[in-house]
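Both counts, for ligands and for their atoms, begin at 1 and track the order of listing.
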Amino acid sequence: MTKVTILGATGNVGAFAAHTVSEIPYVSDMLLVGRPGREDFLAGCCRDLSDSFAARGTDVRLSYSTSLLDAKDSDVIICTAGVPRRPGQDRNDLAFENAKIIAGTAETIGRTSPDAILFLVTNPVDVMTAVALKYSGLPSRQIFGLGTHLDSMRLKSLIARYFRVHVSEVHTRIIGEHGDSMVPLWSATTIGGIRITNLPTFSGLPAQEMIEAVRTSGEAIIRDKGSTVYGPGEAIATLVRTILGDENRILTVSSYIKSEIHGIGDVCIGVPARINRDGVFPVPLSLEGSEVAGFSESVKKIRSVTADVMERLEEAR
Ligand SMILES: NC(=O)c1ccc[n+]([C@@H]2O[C@H](COP(=O)([O-])OP(=O)(O)OC[C@H]3O[C@@H](n4cnc5c(N)ncnc54)[C@H](O)[C@@H]3O)[C@@H](O)[C@H]2O)c1
Ligand SMILES: O=C(O)C[C@H](O)C(=O)O
């Protein structure tokens with residue numbers, strides 16, 4: 001049995017993630033968890049998803065619950081529970097409200113699902129990853145957040161369009177905060193295996209505009225259609241497939257680093273990590289010039305928001 005549980009399954013991201021994750025061939029059981037009072041909605045989601053399974057020939061045992069305790073025996077628990085930002089808000093504005101939800105959730109999971117990998121989607125995701133790490137008591141390899149994986153995909157898509165190549169030809173990474181202080185790694189960006197900085201056309205690349213478009217992408221989508229769903233939903237499935245398939249892919253997720261990135265650490269933030277069935281393992285690396293300064297600034301910002309939230313959580317408990 002390979003079981004995946006989705007917390008916040010009645011929400012926009014949770015409901016679509018249920019669809020994308022159900023397509024992963026390794027998944028045999030999927031549990032949708034919502035808040036008490038949402039039983040009818042959850043039952044409706046299960047029926048609707050079951051119809052899609054029948055149409056595409058998927059064989060996943062589907063159930064729902066309003067109790068976190070039923071997540072026990074899960075291989076992966078995806079947490080999308082929490083409030084999303086509204087137009088005009090920063091993700092960090094959600095920090096304390098969502099930290100209260102994540103702290104309680106993580107405590108229960110740490111106690112009842114000690115072998116599960118807990119995957120945070122709730123924003124601000126870097127801070128929520130740190131909160132989950134502290135309150136679950138689980139080893140850091142078992143806790144990670146979506147981090148800058150989605151931002152990296154957004155940049156990949158813009159680069160592919162600019163150079164008129166297939167997206168699979170582009171490899172790129174954004175590290176740091178899933179937020180304004182994110183840092184593009186041009187030094188790790190290749191097109192068709194060639195470093196982007198070695199292409200004569202690189203000098204004409206509107207790099208600043210591209211990064212600004214990535215930074216404001218979530219905000220623009222929320223302004224236009226209320227929430228970001230398809231990008232996060234597919235990104236979630238990529239990560240779950242990487243874990244369950246023991247794929248050892250290197251993806252950019254929010255993870256606890258001791259000092260792996262250019263000697264900088266003691267924070268949960270978006271970094272390249274090797275991901276497999278045992279969890280998430282940050283890849284030690286050195287950065288170039290301005291990337292070091294940018295990453296240090298991003299770490300400083302996330303440390304400060306995290307420390308503030310941890311203090312307020314302690315006071316509130
Ligand atoms: N990291 C990323 O890249 C990324 C991408 C998209 C969304 N998000 C985040 O994911 C979260 C969910 O987004 P959404 O658009 O699905 O929001 P939504 O409002 O549609 O869904 C939120 C879900 O959380 C649940 N919830 C709310 N308060 C709760 C509480 N106190 N206890 C338990 N459950 C609670 C709701 O019942 C619902 O199921 C937000 O924090 C959003 O910012 C992150
Ligand atoms: O931007 C948001 O608030 C949602 C999410 O973090 C995203 O980047 O799509």
Check: Of the options Leu150, Val121, Ile6, which is the one that meets Ile236 in a side-chain contact (heavy atoms from CB on, under 4.5 Å)?
Finding: Val121
Notebook entry, point to check: Looking only at atom types and distance, does a side-chain atom of Ser28 sit under 3.5 Å from a main-chain N or O of Thr2, one as donor and one as acceptor?
Noted result: yes
Checklist line | Within-shell test, Arg215 vs ligand 2, heavy atom, strictly < 4.0 Å | finding: no
Note to self: Closer than 4.0 Å to some heavy atom of Arg154 - which atoms of ligand 2 meet that?
What the structure shows: 7 (C), 8 (O), 9 (O)
Note to self: Under 4.0 Å from a heavy atom of Val83: which atoms of ligand 1 are those, numbered in the order shown and with their elements?
What the structure shows: 40 (C), 41 (O)
Margin query: Would Gly11 count as being in polar contact with ligand 1, using the rule that some N or O on each side must be under 3.5 angstrom apart?
Written below: yes
Notebook entry, point to check: Which residue holds the protein heavy atom closest to atom 6 (C) of ligand 1, what is that atom called, and what is the gap in Å?
Noted result: Thr228 OG1, 3.4 Å
Notebook entry, point to check: Are Val253 and Val13 co-members of a hydrophobic cluster defined by side-chain heavy atoms under 4.5 Å apart?
Noted result: yes
Notebook entry, point to check: Out of Ser255, Ser140, Pro139, which residue meets the side-chain contact (heavy atoms from CB on, under 4.5 Å) rule with Leu133?
Noted result: Ser140
Item checked: Asn123, Asn12, Thr10: member with heavy atom nearest to atom 15 (O) of ligand 1 -> Asn12
Next item on the list: Mind listing the closest non-hydrogen atom pair of Pro272 and Ile250 along with its distance?
Entry: CB-CG2, 3.9 Å
Next item on the list: Return the residue, atom name and 0.1 Å-rounded distance of the protein heavy atom closest to atom 12 (C) of ligand 1.
Entry: Thr80 O, 3.2 Å
Note to self: Closer than 4.0 Å to some heavy atom of Asn98 - which atoms of ligand 1 meet that?
What the structure shows: 41 (O)
Next item on the list: Give the residue and atom name of whichever protein heavy atom lies nearest to atom 6 (O) of ligand 2, and the separation in Å to one decimal.
Entry: His178 NE2, 2.6 Å
Check: Hey, does the side chain of Asp70 reach the backbone of Ser65 with a donor-acceptor pair shorter than 3.5 angstrom?
Finding: no
Item checked: Common cluster, Tyr26/Ile78, ILVMFWY with side-chain heavy-atom separation under 4.5 Å -> yes
Check: Of the protein's non-hydrogen atoms, which lies at the shortest distance from atom 1 (O) of ligand 2, and what is that distance?
Finding: Arg85 NH2, 2.7 Å
Check: What atoms of ligand 2 come closer than 4.0 angstrom to any heavy atom of Thr228?
Finding: 4 (C), 5 (C), 7 (C), 9 (O)
Checklist line | ligand 2 atoms in contact with Ile222 (distance to a heavy atom under 4.0 Å) | finding: 1 (O), 2 (C), 3 (O)
Check: Nearest to atom 37 (O) of ligand 1, what protein heavy atom do you find, and at what distance?
Finding: Arg35 NE, 3.3 Å
Margin query: When you group the ILVMFWY residues by side-chain heavy-atom contacts below 4.5 Å and let the links chain together, are Phe202 and Val170 in the same group?
Written below: yes
Notebook entry, point to check: Would you say Asp40 has more than 12 foreign heavy atoms packed within less than 6.0 Å of its CG?
Noted result: no
Check: How does Ile101 reach ligand 1, by side chain, by backbone, by both or by neither, if only non-hydrogen atoms under 4.0 Å count?
Finding: side chain
Notebook entry, point to check: What protein heavy atom is closest to atom 17 (O) of ligand 1, reported as residue, atom name and distance in Å?
Noted result: Pro84 CG, 3.4 Å
Next item on the list: Salt-bridge test for Glu177 and Arg215: reply yes if a basic N is under 4.0 Å from a carboxylate O, no otherwise.
Entry: no
Notebook entry, point to check: Looking only at atom types and distance, does a side-chain atom of Gln142 sit under 3.5 Å from a main-chain N or O of Pro114, one as donor and one as acceptor?
Noted result: yes
Check: ligand 2 versus Asn123, non-hydrogen atoms closer than 4.0 Å: side chain, backbone, both, neither?
Finding: side chain
Item checked: Option with minimal heavy-atom separation from atom 26 (N) of ligand 1, where the choices are Gly231, Gly8, Ala9, Gly82 -> Gly82
Checklist line | Location of contacts on His178 toward ligand 1, heavy atoms closer than 4.0 Å | finding: side chain
Notebook entry, point to check: With a distance cut-off below 6.0 Å to the six-membered ring centre and an angular limit of 45° from the axis, does Lys156 pair with Tyr162 as a cation-pi contact?
Noted result: no
Check: Just which atoms of ligand 2 are under 4.0 Å from any heavy atom in Leu150?
Finding: 9 (O)
Margin query: With a heavy-atom distance limit of 4.0 Å, tell me whether Pro232 approaches ligand 1 through its side chain, its backbone, both, or neither.
Written below: side chain
Check: Is there a donor-acceptor contact under 3.5 Å linking the side chains of Arg173 and Ser152?
Finding: no
Next item on the list: Give the residue and atom name of whichever protein heavy atom lies nearest to atom 44 (C) of ligand 1, and the separation in Å to one decimal.
Entry: Val121 O, 2.9 Å
Notebook entry, point to check: Taking atom types as modelled and ignoring hydrogens, do the side chains of Ser187 and Glu291 form a donor-acceptor contact shorter than 3.5 angstrom?
Noted result: yes
Note to self: For Val13, which part has a heavy atom under 4.0 Å from ligand 1: side chain, backbone, both, or neither?
What the structure shows: both
Item checked: Those atoms of ligand 1 less than 4.0 Å from some heavy atom in Leu150 -> 3 (O)
